[in-house]
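Just so it is clear: chains get the letters A, B, ... in the order the sequence lines come, proteins before strands, and each one is counted from 1.
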2 protein chains.
Amino acid sequence: MGGWTKKSLTRLARSAIGNAMQQEPLKPACGTCSPDGECSGKFHELLRLKGGRLTNERKALLRFICDLEGHFRPETLVKLLKDQGFQVSLTTVYRNLSLLVQAGIIRRTDVDDGVRSGGARYEHIWGHTHHDHLVCSRCGKRVEFSYPAIDVLQDAVAREHGFVLERHSLELVGVCPDCGNADARRTGGGAARAPGGTP
Amino acid sequence: MGGWTKKSLTRLARSAIGNAMQQEPLKPACGTCSPDGECSGKFHELLRLKGGRLTNERKALLRFICDLEGHFRPETLVKLLKDQGFQVSLTTVYRNLSLLVQAGIIRRTDVDDGVRSGGARYEHIWGHTHHDHLVCSRCGKRVEFSYPAIDVLQDAVAREHGFVLERHSLELVGVCPDCGNADARRTGGGAARAPGGTP
DNA sequence: TTCGATGCAAACCATTTGCAAATCC
DNA sequence: GGATTTGCAAATGGTTTGCATCGAA
């Protein structure tokens with residue numbers, strides 16, 4: 001990588017880390033959209049725009065998703081709703097999830113385990129600060145992180161290439177502390193070592 | 001985002017850009033694995049390891065994929081191979097693609113158009129410098145880029161959270177210069193404006 | 001009243017699997 | 001010669017669609 005020295009990169013990274021440490025922690029849940037908050041407003045707006053109707057199913061879905069933490073899959077949604085006494089068909093869930101994506105209330109986060117995709121996940125993003133994911137390749141644990149420095153660089157790259165950036169998806173895959181430590185214990189100490197990796 | 005000022009972020013980005021501009025361009029194609037190069041070696045190694053056999057189908061697949069530029073889909077592969085007189089079934093392609101992924105010769109790049117996934121793409125990576133993708137949300141054009149500063153920050157984030165990083169997937173989605181300019185022409189000048197975006 | 005939404009079942013599509021025949025070592 | 005691969009066909013699983021019915025505006 002010409003033009004870069006290990007030193008300059010390290011300095012860059014360190015300064016970014018230092019700065020990022022001063023960030024506020026992520027809001028643990030969405031505080032702005034529960035009963036009749038912003039999410040509802042946003043959704044109603046989209047419905048009005050398309051001449052859509054606010055059905056009971058949509059109300060239930062929206063309320064439920066807003067209360068949900070972390071990512072979820074369409075099928076899980078149906079099960080959970082049924083548990084709470086709401087009967088909504090999988091079809092309807094699918095149809096409305098894409099609406100909610102359009103409205104910017106949820107987003108699709110494709111889980112990439114490197115071999116198979118298995119099915120889409122969604123997560124509630126409205127009112128959450130923007131974030132990306134760290135995923136453990138052993139246990140599947142997902143950790144959210146937010147890192148403005150990376151966002152800024154992404155924007156810069158896009159501009160370099162004449163692109164106007166709309167969104168990005170970033171997923172870091174590795175071994176989480178728990179799984180790594182388990183390794184270390186099993187092999188009798190030493191640093192955790194990741195298998196495979198980019199050539 | 002506490003701790004960051006617009007100015008400090010801009011400065012960071014600018015310095016990163018300046019440095020990145022000095023990088024060598026991406027190798028346009030893989031120069032190390034054509035007839036009997038490294039790719040073959042890598043693949044043979046994996047086969048030996050698993051007690052696998054080097055069939056004609058595998059030879060054809062490997063040779064063909066090595067010559068391929070850009071990303072491809074399993075089905076396309078079958079078609080293209082047939083055009084060249086090689087009869088390989090889709091099943092076999094699928095079975096061997098995952099082997100090639102294991103060997104680190106290709107990788108899966110899931111295309112995320114925000115709504116549906118449509119099917120996996122793969123691309124030849126052995127011998128290519130590591131890169132990520134810019135994708136145009138209008139015309140689907142894909143541009144490769146490589147940006148060590150982002151990689152360094154990703155590594156830093158992972159370490160912060162105690163993860164040992166194995167790989168990452170980064171995809172920037174936006175409007176490419178061509179599509180953006182088309183907009184500008186249609187609306188009579190002015191900067192291209194992206195629809196939607198992260199809240 | 002009327003057009004959009006729902007739910008069921010069937011269609012779809014990418015991917016995987018069972019199994020007999022072909023093939024490599 | 002015997003285990004591996006292949007290819008076909010059938011199964012799978014997530015997602016979408018056709019259509020009759022239901023319900024919000």
Side-chain angles (χ1 to χ4, degrees), chain A residues 40 43-64 71-79 81-82 85-103 106-122, chain B residues 40 43-64 71-79 81-82 85-103 106-122:
Chain A
S40 302
F43 194 42
H44 293 183
E45 188 186 309
L46 183 79
L47 288 180
R48 227 175 295 124
L49 214 77
K50 323 190 106 189
R53 290 170 184 178
L54 191 63
T55 62
N56 285 321
E57 288 83 353
R58 286 181 172 165
K59 274 185 233 167
L61 266 173
L62 183 60
R63 177 133 26 95
F64 196 76
H71 57 91
F72 57 87
R73 313 197 323 171
E75 218 191 312
T76 329
L77 213 50
V78 174
K79 282 212 189 73
L81 276 163
K82 187 178 293 176
F86 296 102
Q87 173 78 25
V88 181
S89 78
L90 191 55
T91 309
T92 300
V93 168
Y94 273 111
R95 282 194 270 234
N96 283 307
L97 283 181
S98 45
L99 276 183
L100 291 170
V101 169
Q102 277 178 57
I106 62 176
R107 80 168 157 180
R108 223 185 119 124
T109 69
D110 279 311
V111 176
D112 169 24
D113 66 4
V115 184
R116 53 163 74 216
S117 63
R121 314 279 165 93
Y122 294 82
Chain B
S40 301
F43 194 42
H44 293 183
E45 188 186 309
L46 183 79
L47 289 180
R48 225 173 297 124
L49 213 77
K50 322 189 108 191
R53 290 170 184 180
L54 192 62
T55 62
N56 284 321
E57 289 83 354
R58 285 182 173 164
K59 275 185 232 165
L61 265 174
L62 183 60
R63 177 133 25 95
F64 196 76
H71 57 92
F72 57 87
R73 312 195 326 170
E75 218 192 310
T76 328
L77 213 51
V78 174
K79 282 210 190 74
L81 276 163
K82 186 179 293 175
F86 295 102
Q87 173 79 25
V88 181
S89 78
L90 191 55
T91 309
T92 301
V93 167
Y94 273 110
R95 280 193 272 234
N96 283 307
L97 282 181
S98 46
L99 275 184
L100 291 170
V101 169
Q102 277 178 58
I106 62 177
R107 81 168 156 179
R108 223 184 119 125
T109 69
D110 278 311
V111 176
D112 169 23
D113 67 4
V115 183
R116 52 163 73 216
S117 62
R121 313 279 164 94
Y122 294 82

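- Atom CG in L99(A) sits roughly 13 Å away from atom C1' in dT6(C) (whole-Å rounding).
- At a threshold of 4.5 Å between non-hydrogen side-chain atoms, the residues L77(A) and L97(A) count as touching.
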Item checked: Step-by-step side-chain contact (heavy atoms from CB on, under 4.5 Å) determination, L61(B) to R58(B) -> CA-CA 5 Å; L61(B) 265 174; R58(B) 285 182 173 164; 5.5 Å; no
Next item on the list: Would you sort out whether Q87(A) and K82(A) count as a side-chain contact (heavy atoms from CB on, under 4.5 Å), showing the intermediate values?
Entry: CA-CA 5 Å; Q87(A) 173 78 25; K82(A) 187 178 293 176; 3.9 Å; yes
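- L54(B) has its CG atom 12 Å from the C1' atom of dT23(C), to the nearest Å.
- Heavy atoms only, all atoms of each residue included: H44(A) and L54(A) are closest at NE2-CD2, 3.4 Å.
- For the pair R58(A) CZ and dA5(C) C1', the computed distance is 6 Å after rounding to whole Å.
- Residue-to-nucleotide contacts include no donor-acceptor pair under 3.5 Å from the side chain of R95(A) to the base of dG4(C).
- Using a 4.5 Å heavy-atom threshold, the side chains of T92(B) and T55(B) count as separate.
- For L90(A), whose side chain is taken as the heavy atoms from C-beta onward, the closest listed nucleotide among dT17(C), dA5(C), dT15(D) is dT15(D).
- Heavy-atom distances under 4.0 Å link DNA chain D to G52(B), R53(B) of residues 45-53 of chain B, given in residue order.
- When rounded to the nearest whole Å, the span between CG of L77(B) and P of dA14(C) equals 15 Å.
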Next item on the list: Assess whether side-chain contact (heavy atoms from CB on, under 4.5 Å) is satisfied between T91(A) and R95(A), documenting all intermediate values.
Entry: CA-CA 6 Å; T91(A) 309; R95(A) 282 194 270 234; 3.1 Å; yes
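- Contact between the side-chain N/O atoms of S89(A) and the OP1/OP2 oxygens of dT6(C) is not found at any separation under 4.0 Å.
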Next item on the list: Let me see the working for F86(A) and N56(A) under side-chain contact (heavy atoms from CB on, under 4.5 Å), right down to the final yes or no.
Entry: CA-CA 9 Å; F86(A) 296 102; N56(A) 285 321; over 6 Å; no
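- The listed nucleotides are dC25(C), dA14(C), dA5(C); the one nearest the side chain of E75(B) is dA14(C).
- Distance, E57(A) CD to dG23(D) C1': 9 Å, rounded to whole Å.
- Residue contacts for T91(B): at a heavy-atom cut-off of 4.0 Å it reaches a base atom on one of the strands shown.
- Nearest to the side chain of N56(B), among dT6(C), dC24(C), dT15(D), sits dC24(C).
- The OH atom of Y94(A) sits 16 Å away from the P atom of dC8(C) (whole-angstrom rounding).
- Rounded to whole Å, the distance from NZ on K59(A) to P on dA5(C) is 15 Å.
- The interatomic distance linking L97(A) (CG) with dA5(C) (P) rounds to 15 Å, in whole Å.
- Distances shorter than 4.0 Å separate none of the side-chain N or O atoms of N96(B) from OP1 or OP2 on dT5(D).
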